[in-house]
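Worksheet: one structure, shown below.
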Amino acid sequence: MNLIIKQVLGAKGVKVSSLAESVGITRANMSNIVNGKSMPSIETLEKIASALKIDITALFEQPQKRGLTINCPHCGKEISISVKE
């Protein structure tokens, strides 16, 4: 489960410190959440989404629908696979 809170903050021009204050947690704790060092509770995610005025699902990385990228187990090169409909 990949959170994209950092990208949302950048897009909205919101600072970590002001989001932390809005949510009611410390700046250090919010920084850890934004940088993927800790996973917030569902309650905290709801507060973050509410403070940013977005749906909670917007905090999660959306899967790509038309392809897949894998790394070759032999050389490590990235391989893109596309799906035709």
Side-chain angles (χ1 to χ4, degrees):
M1 173 167 67
N2 292 328
L3 294 173
I4 57 168
I5 299 171
K6 184 182 276 188
Q7 292 89 328
V8 174
L9 289 175
K12 290 192 162 274
V14 177
K15 294 186 178 187
V16 171
S17 55
S18 64
L19 180 60
E21 186 177 325
S22 297
V23 172
I25 62 176
T26 66
R27 185 199 176 289
N29 192 8
M30 182 59 74
S31 181
N32 285 336
I33 292 169
V34 168
N35 290 309
K37 294 180 181 177
S38 67
M39 181 56 70
S41 67
I42 294 296
E43 180 182 337
T44 301
L45 284 173
E46 288 172 343
K47 289 179 181 178
I48 291 169
S50 177
L52 294 171
K53 297 180 174 103
I54 59 172
D55 189 77
I56 193 169
T57 58
L59 298 175
F60 296 91
E61 184 176 40
Q62 302 300 313
Q64 292 190 356
K65 296 179 182 176
R66 292 192 163 259
L68 174 68
T69 302
I70 60 173
N71 290 327
C72 174
H74 302 288
C75 68
K77 184 177 178 183
E78 193 173 88
I79 302 168
S80 296
I81 300 170
S82 60
V83 178
K84 291 184 180 181
E85 291 185 23

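- Looking at heavy atoms from C-beta onward, Val23 lies in side-chain contact with Met30 at the 4.5 angstrom threshold.
- For residues 28-41, the pairs satisfying side-chain hydrogen bond (donor to acceptor under 3.5 Å, both in side chains) are Lys6-Asn35, Ser31-Asn35, Ser41-Thr44, with sequence neighbours left out.
- Closest heavy-atom contact between Ile56 and Ile42: CD1-O, 4.4 Å.
- Between Leu45 and Leu59 there is a side-chain heavy-atom pair separated by less than 4.5 Å.
- Crowding of Gln7 atom CD: a count of heavy atoms from other residues, nucleotides or ligands under 6.0 Å exceeding 12.
- Side-chain contact between Phe60 and Leu3: present, with at least one pair of heavy atoms (C-beta onward) separated by less than 4.5 Å.
- Each of Val14, Val34, Val16 was compared with Ile5 under the side chain to side chain contact (heavy atoms under 4.5 Å, CB included) criterion, and only Val34 meets it.
- Looking only at side-chain heavy atoms (C-beta outward), Ser22 and Ile48 stay at 4.5 Å or farther from each other.
- Using a 4.5 Å heavy-atom threshold, the side chains of Leu19 and Arg27 count as separate.
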